Number of protein chains: 2
Amino acid sequence: MKEKLKEHIDKLIPLTDDEFAFVLSHFKFDKYNKNDFLIQQGEDVDYCYYVVTGLLKLIYMDQGGKQHIVSFAMEDWWESDFSAYFTQSKAKMSLQCIENTVVFSIGLSDYQKLSTELPKMERFFLQKSNLGHIASQNRIISFLTSSANERYEQLLKQYPTLFQRVSKTLLASYLGVSRETLSRLSS
Amino acid sequence: MKEKLKEHIDKLIPLTDDEFAFVLSHFKFDKYNKNDFLIQQGEDVDYCYYVVTGLLKLIYMDQGGKQHIVSFAMEDWWESDFSAYFTQSKAKMSLQCIENTVVFSIGLSDYQKLSTELPKMERFFLQKSNLGHIASQNRIISFLTSSANERYEQLLKQYPTLFQRVSKTLLASYLGVSRETLSRLSS
DNA sequence: TTAAAATTGTGATGTTTGTCACACTAAAAC
DNA sequence: GTTTTAGTGTGACAAACATCACAATTTTAA
């Protein structure tokens, strides 16, 4: 488990074993079961999570009570309600397990302490944040330029494994179309 | 002009005058005219821009030649094709002036040098990147949960000044609807 | 194992939105 | 000042999509 995190960080910023031991001391290790909540809309957001194994969904519930998938978080992904996490405010989204999931969790004070004390990690977090920003922007472009059918094909191409792991209903909620429409798409 | 940039950074990370002078030495100062391109799709992306005054549009052109507004960049905004900028690849988007615009520009090597040599600035860039990521995610939520009409009202509420500065055609392109549909929205 | 719950496909129908067309206005260029 | 260009509103029609309903299947839980 530790090795996965180390290899993940090393891909961007190689660390010595001592440095990684220091990094690891800022995290806690947790296991959650399917359907468990890591973050509940309306509550505090104490942690940012690195997914070792399993699958999470980041969901936003609108006024009508309808759920929308803002993001899936698979192996090697970092996820949280970042807005609430960084500003120490109440969650606007929930983070819930689609499968049994194993994570490393880091609190905001540890995140900041680690960033300050080990510049390599601040660099790592900066690069991760930039990549997250770029990924979100690509999803926006997908909404601007593509029909539901095209967005579906793009998703299928980008994350082929997702289709064996999540229901069509959830995929539809991620794509921003109704379950029935997704069911009728050609491809 | 320099003062605007200093105040902007100071809001997140206060700098001494010496530190700011060091920061400033990594930027160049440029003026562009309406319709000028700062970034052209398909070409190299040498700079990331801080907008002092003026207004930019970040546009993505699809296969059919239709333009989509990924983002407006107003005063105090940082903008680039970040994906191409950070990976030193060709631009997938263009950045063009809607109004005469004044910017500070920073090349990637200066960005990295500045981050390394002045940890405060790495912290600043990290916070900015996180905020950018959060803003993009909010736009995704807006696409998932809201009709064209609701997205229009949200935009009107968030950036009321935009409506005196850009054409309805551009607003429609930002909202992801046709010009005609936007023209027919109630509100 | 059996009952309950969740998942999926599909028809019918109405709403929303895109596309094409044209007229009108305002601004910019000559 | 006149011509060109860009921006805007609106009608008519077609395509995309949402919603409601129901049946069939699979998964989960007792």
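Lettering follows sequence order; numbering is per chain, from 1. Being a predicted model, the structure only gives us computed values, none of them experimental. Basis for what follows: all heavy atoms, side chains included, without hydrogens, waters or symmetry-related copies.
- When each of C:dT17, D:dA18, C:dT19 is scored by its nearest atom to the side-chain atoms of A:T181, the top-ranked nucleotide is D:dA18.
- The stretch residues 163-179 of chain A comes close to DNA chain C through A:S167, A:K168, A:T169, A:R179, each having a heavy atom under 4.0 Å from the strand.
- One donor-acceptor pair, N or O on each side, does fall under 3.5 Å between the base of D:dC20 and the side chain of A:E180.
- In terms of modelled atom types and a separation under 3.5 Å, the side chain of B:T87 and the main chain of B:S83 share a donor-acceptor contact.
- Positionally, the nearest nucleotide of DNA chain C for B:S147 lies more toward the 5' end than for the other of B:K34 and B:S147.
- In this entry the distance linking CD of A:E150 with P of D:dA15 reads 16 Å, nearest Å.
- Remark: side-chain polar atoms of A:S146 are not paired, donor with acceptor, to backbone N or O of A:F143 under 3.5 angstrom.
- No option in B:F20, B:Y50, B:W77, B:F104 other than B:Y50 meets the ring-ring contact (aromatic ring centres under 6.0 Å, His included) test with B:H8.
- When rounded to the nearest whole Å, the span between NE2 of B:H68 and P of C:dG18 equals 11 Å.
- Between A:K66 and D:dT19, a side-chain N or O to OP1/OP2 separation shorter than 4.0 Å is present.
- Among the nucleotides D:dT10, C:dG9, D:dC17, the one closest to any side-chain atom of B:R184 is D:dT10.
- Counting only distance, with no hydrogens or angles, the side chain of A:D81 and the backbone of A:A91 share no donor-acceptor pair below 3.5 Å.
- Between B:F86 and B:Y111, the two ring planes are perpendicular [angle over 60°; tilted spans 30° to 60°].
- Contact check on A:D30 versus A:K28 returns a salt bridge, with a Lys/Arg side-chain nitrogen under 4.0 Å from an Asp/Glu carboxylate oxygen.
- The CG atom of B:N35 sits 14 Å away from the C1' atom of C:dA29 (whole-angstrom rounding).
- By the 30° and 60° cut-offs, the orientation of the rings of A:Y60 relative to A:H68 is tilted.
- For A:F143 and D:dC17, the CZ to C1' distance is 14 Å, given to the nearest whole Å.
- When the C1' atom of D:dG9 is taken as reference, atom CG of B:L185 falls 13 Å away, rounded to whole Å.
- For the pair A:I98 CD1 and C:dA6 P, the computed distance is 16 Å after rounding to whole Å.
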